[in-house]
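In what follows, a single structure is set out as structure tokens and then discussed.
Bear in mind the structure is a predicted one, so any value in this text is a computation, not a measurement. Whatever order the structure lists them in is the order used to number ligands and atoms, beginning at 1. Just the heavy atoms: all of them, side chains too, but no hydrogens, waters or symmetry mates, feed the values below.
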Amino acid sequence: MLEKIMKSAQSIEDKLITIRRDMHRQPELALQEERTANYIADKLRALGCEVTENVGKTGVVGLLKGSEAGKTLAIRADMDALPIQEETGHEFCSTRSGVMHACGHDAHIAVVLGTAEILSGMRDSFAGNIKLIFQPSEESPIGGADEMIREGVLENPTVDAAIALHVNPGLSTGQIGYKEGPFFASVAFFAIEILGKGGHGALPHHSVNPILVAAECIQALQTIASAQIDPMEPFVLSLGSIHGGQKSNIIPEKVSIEGTVRCFGDELMNRTGQMMENILRSITSAYGAGYTLKFKPEVKTLINDKIMIGLIKEAGEQILGKENTLAVSPVLLGDDFASFSQLVPSAYIYLGGGFHGQPNFALHHPKFDLDEGALPLGAALLSYTALKFLSKGP
Ligand SMILES: [Zn+2]
Ligand SMILES: [Zn+2]
């Protein structure tokens with residue numbers, strides 16, 4: 001079976017590169033993935049999948065049935081690009097100004113379409129269904145996964161387990177990275193306004209300067225990580241934006257601050273919102289200022305199921321070798337595949353996409369690139385995992 005998968009994966013390598021480059025030339029931002037969705041739907045139909053479109057606005061679902069009834073495995077790819085001006089200089093670089101597939105979702109589409117092609121030729125080898133989920137809006141706070149779940153993507157037929165991968169330029173092509181249990185973090189975004197009282201810079205005693213109050217609040221917010229949370233607990237509160245004031249001699253009315261919190265689990269995330277509220281209330285009231293806090297948990301913790309991650313790990317060891325199937329650490333990145341992982345046993349891994357022996361640009365960089373040799377490997381890995389999960393009989 002493995003030999004057949006590898007042969008099939010190798011035979012479609014050029015096709016997968018073409019798909020990835022087609023996607024790369026025409027990137028689309030979150031919830032605007034219309035051309036992308038049509039392209040994917042056409043490919044899925046040509047492979048004999050039952051196709052449902054417009055799930056969660058632009059999402060596409062392909063259903064591939066095996067030769068007998070059985071469980072259903074979901075395989076998910078995200079489809080959206082980023083608001084970045086590409087600087088790779090490739091002949092297949094983005095034709096859309098200011099939009100780029102800089103997170104490798106073009107590769108995810110190619111890998112999962114490749115998986116569909118391999119498995120469509122092996123329907124006799126599995127019992128049950130493969131549900132190919134092409135999800136919009138992974139990069140935007142309006143998570144595409146939750147929308148698709150709300151519209152029933154995990155039903156009809158009911159999904160028993162889900163798998164996905166993300167390219168990682170930090171690992172070389174031919175390697176994968178796996179982690180059992182909590183892997184990617186819960187993510188919240190917040191916006192704070194410190195509300196003072198404007199006036200003349202020469203008469204501070206007639207004003208409440210929100211810049212001074214904001215400075216104290218910023219310092220105090222950093223003490224959440226350093227003094228209020230178990231130091232063994234992964235946690236970050238990062239500030240990404242601050243705006244206030246126009247001119248050197250005017251005390252402004254307000255200062256706006258934005259940032260993100262990353263940690264594992266809902267309880268700590270909710271407690272953090274409360275700790276922020278307490279700090280802001282105490283400091284602003286001490287200075288006669290006011291505040292507003294919008295604290296929105298957006299992405300849940302991504303949890304890898306022991307059995308599902310075990311299946312992918314085994315596939316990795318067989319296809320790439322034990323030395324290339326690497327245990328990796330959890331990170332405070334977020335991916336809304338987490339929503340699937342909270343509902344069904346799931347596995348999400350890194351697929352190495354870095355060029356050997358050279359520095360590779362990070363995801364979300366205008367020069368991010370990946371070694372396309374990873375595409376057939378990714379397709380083989382997902383296909384083999386799927387066939388193991390949906391294996392027939394005893
Ligand atoms: Zn990204
Ligand atoms: Zn991504």
**Message:** Please tell me whether Leu302 and Leu382 are part of a single hydrophobic cluster in this structure, the criterion being side-chain heavy atoms less than 4.5 Å apart.
**Reply:** no
**Asked** Would you say Ile257 and Val236 are hydrophobically clustered, going by side-chain heavy atoms of ILVMFWY under 4.5 Å?
**Response**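 Each belongs to a different hydrophobic cluster.
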**Asked** Any side-chain donor paired with an acceptor under 3.5 Å for Asn304 and Tyr348?
**Response** no
**Message:** Report whether any nitrogen, oxygen or sulfur of Cys103 sits less than 2.8 Å from the Zn ion (ligand 1) (N, O or S, backbone or side chain).
**Reply:**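 So Cys103 counts as coordinating the Zn ion (ligand 1), yes.
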**Message:** Using 2.8 Å as the threshold, say whether any N, O or S atom from Glu139 sits that close to the Zn ion (ligand 1).
**Reply:** yes
**Item:** Minimum-distance atom from the Zn ion (ligand 2) among N, O or S atoms of His166
**Value:**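 Among the N, O or S atoms of His166, the one closest to the Zn ion (ligand 2) is NE2.
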**Prompt:** Is it true that Glu50 and Lys65 make a salt bridge, defined as a side-chain N closer than 4.0 Å to a carboxylate O?
**Reply:**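 A salt bridge is present here (some side-chain N lies under 4.0 Å from a carboxylate O).
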